[in-house]
Amino acid sequence: MLVLALDTATPTLVVGLARWSAGVPAEVLAETAVESGNRHAELLTPAVRAVLADAGVGMAELGAVVTGLGPGPFTGLRVGIVTAAALADARGLPVVGVCSLDAVGTGARSVVTDARRKEVYWAGYDADGTRVAGPGVDRPEDAALSDPVVGDPGFAERLGRPVQAAAVTTAGLLRAAGPQLASGRPDPLVPLYLRRPDAVPPAARKAVSQRVAGQ
Amino acid sequence: MSDQPLVLGFETSCDETGIGLVRGSTLLSDALATSVAEHERFGGVVPEIASRAHLEAMVPTVHRALADAGVTLGDVDAVAVTAGPGLTGALLVGVAAAKAYALALDRPLYGVNHLAAHVAVDELEHGRLAEPSIAMLVSGGHSSLLLVPDLSQDVQPLGQTIDDAAGEAFDKVARVLGLPFPGGPYVDRAARDGDPASIAFPRGLTGQRDAPYDFSFSGLKTAVARWVEARERAGEPVPVPDVAAAFQEAVVDVLTAKAVRACRDHGVDHLVIGGGVAANSRLRALASERCAAAGIVLRTPSPRLCTDNGAMVAALGSRLVQAGVAPSDPSLGADSSMPIDVVSRAG
């Protein structure tokens with residue numbers, strides 16, 4: 001079946017089209033990675049159009065949609081998840097969500113991506129590529145990493161170890177989605193925010209009048 | 001496309017996930033999910049909480065709207081979405097969803113102005129708007145007076161608040177009076193048992209040399225807080241109904257006086273009032289009284305449609321389709337400070 005995969009958990013949005021069947025590696029037919037920074041909302045649907053056109057595939061031929069669920073900066077992350085949910089809903093397709101870090105690199109590794117605020121999103125994988133630690137959000141030095149570390153090389157210095165550049169790929173998204181695609185009963189899409197919203201209930205109301213000393 | 005297009009509208013500019021369906025100028029459905037209860041303890045809308053709630057509510061709310069209207073996605077002729085103004089993160093959930101539905105359904109997409117949509121919603125109940133009309137939009141985020149020669153492409157700002165929005169003043173005064181959030185309905189209710197003439201609160205920007213169509217509610221809010229604090233310090237009980245009534249009177253007095261003046265100055269005899277504060281019973285009563293005296297035809301949507309909803313977006317989308325306005329480009333984004341004279345993001 002043809003699967004549209006997308007991810008907006010990092011500053012590079014990824015859209016790909018792959019032919020998938022159970023038990024064999026997915027064949028990526030078209031893929032684009034756009035350095036879109038904080039313009040995911042503007043650029044994602046045009047990228048989807050471009051990938052479908054590139055592969056010569058119409059929306060009606062799709063069999064499923066896969067999306068990264070993060071962790072990633074919230075606003076951009078939601079753009080990808082809601083786009084995948086809406087595309088799938090409009091075409092009556094299943095939509096599968098995966099941890100975006102699972103789609104970075106292969107085999108035994110730790111993955112780090114930029115969580116802003118001088119922190120990283122991270123996860124660890126065994127030789128089978130199964131996630132055995134995380135996902136978490138921490139200061140780089142507090143993340144439980146083991147070599148090789150892949151992902152955002154901008155953190156190599158803070159970590160004091162090499163970080164091999166790697167990004168979310170269509171192949172990685174499909175690999176992570178395999179079990180859910182095979183079962184045909186995907187889990188509900190739950191974003192991996194990993195942080196609570198920044199919000200503090202207000203303290204007691206502040207007086208606007210100047211108080212007389214001692215009162 | 002027919003002259004009675006079926007339009008699916010998305011509204012996520014603040015804390016309401018609104019999905020509406022309109023055929024021509026007939027309201028078919030108006031499904032709403034709100035995160036208001038989650039914001040209550042913060043005393044105001046927390047953007048991140050609102051955005052998370054929009055994502056969760058999106059697909060189920062679309063389906064509620066479709067079921068209520070008795071139509072399917074395949075019947076939809078066009079998709080409309082609030083592109084701004086509003087909270088960026090919240091807007092983006094609706095924009096991304098609307099773009100995806102438009103792409104998957106292969107239908108045109110219209111990114112529209114939230115404020116113009118508050119005007120357009122009145123057409124669902126009261127028919128085609130007289131043009132030109134004067135429009136006053138009053139909500140928790142906006143207080144604006146507009147001249148509307150053509151709602152589909154020519155909306156001109158006359159004035160707006162220079163500090164707090166009217167609805168924001170209601171929220172803040174409610175907090176001072178120990179009333180729940182959002183303050184509007186609670187102040188309205190408390191004021192029914194109060195005397196609006198019991199306390200003389202200031203009317204902002206009503207001097208001879210003040211901007212005739214601008215508003216200011218910050219000074220009023222502070223005056224109310226000072227008055228209440230003085231009472232508390234003196235160990236006297238605070239007459240909540242009287243304070244609520246006198247505050248509310250000060251707000252609606254200024255709003256209605258300026259709206260009527262805008263009509264007179266521009267030789268326009270139709271006024272439409274929209275936005276959440278337009279649900280206020282005293283504003284509706286005083287506007288109706290003053291418009292009658294001035295020979296102005298007043299139109300206000302029913303309170304249910306004054307607050308944010310998806311039907312208003314669909315209503316404006318339908319108007320744009322019928323007027324032959326160009327749809328938005330697939331690269332449409334959100335614009336948190338979208339100017340009011342931009343009715344839609346065309347091309």
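Heavy atoms only: backbone and side chains are in, while hydrogens, waters and symmetry mates are out. Order of the sequence lines sets the chain letters (A, B, ...), proteins ahead of strands, with each chain counted from 1.
Within the 4.5 angstrom heavy-atom criterion, only side-chain atoms of B:His63, from C-beta onward, approach chain A. The part of B:Leu332 that comes within reach of chain A is its backbone (N, CA, C, O), which places non-hydrogen atoms under 4.5 angstrom from that chain. Neither the backbone nor the side chain of A:Pro188 comes within contact range of chain B; no heavy atom of the residue lies under 4.5 Å from a heavy atom of that chain. Residue contact with chain B, scored on non-hydrogen atoms closer than 4.5 Å, involves the backbone of A:Arg196 exclusively.
The distance from the OH atom of B:Tyr101 to the CG atom of A:Asp89 is 3.5 Å, given to the nearest 0.5 Å.
Among all heavy-atom pairs drawn from A:Ala41 and B:Leu92, the shortest one is CB-CD2, 3.2 Å. Heavy-atom minimum distance, B:Val93 versus A:Val82: O-CG1, 3.7 Å. Between A:Pro197 and B:Arg52, the closest heavy-atom pair is CD-NH1, 3.5 Å. Closest heavy-atom contact between A:Arg49 and B:Leu103: CG-CD1, 3.6 Å. Taking each heavy atom of A:Ala86 and B:Ala100 in turn, the nearest pair found is CB-CB, 3.6 Å.
B:Lys99 contributes no side-chain N or O that, together with a main-chain N or O of A:Thr83, makes up a donor-acceptor pair within less than 3.5 Å.
Among the candidates A:Leu43, A:Ile81, A:Leu62, A:Val48, the residue making the largest number of heavy-atom pairs closer than 4.5 Å to chain B is A:Ile81. Counting heavy-atom pairs closer than 4.5 Å to chain B, the top-ranked of the candidates A:Leu189, A:Thr45, A:Leu44, A:Thr75 is A:Thr45. Counting heavy-atom pairs closer than 4.5 Å to chain A, the top residue among B:Ser51, B:Ala102, B:Ala90 is B:Ser51. Of all the listed residues (B:Leu55, B:Val46, B:Leu73, B:Val59), the one sharing the greatest number of non-hydrogen pairs under 4.5 Å with chain A is B:Leu55. The most heavy-atom pairs under 4.5 Å with chain A, out of B:Ala97, B:Gly89, B:Ala98, come from B:Ala97.
The 12-atom threshold is not exceeded at CZ of A:Arg19, counting heavy atoms of other residues, nucleotides or ligands nearer than 6.0 Å. Other residues, nucleotides and ligands contribute over 12 non-hydrogen atoms within 6.0 Å of the CZ atom of A:Arg195.
With respect to B:Glu56 and A:Arg78, no salt bridge is recorded, no charged nitrogen being found less than 4.0 Å from a carboxylate O.
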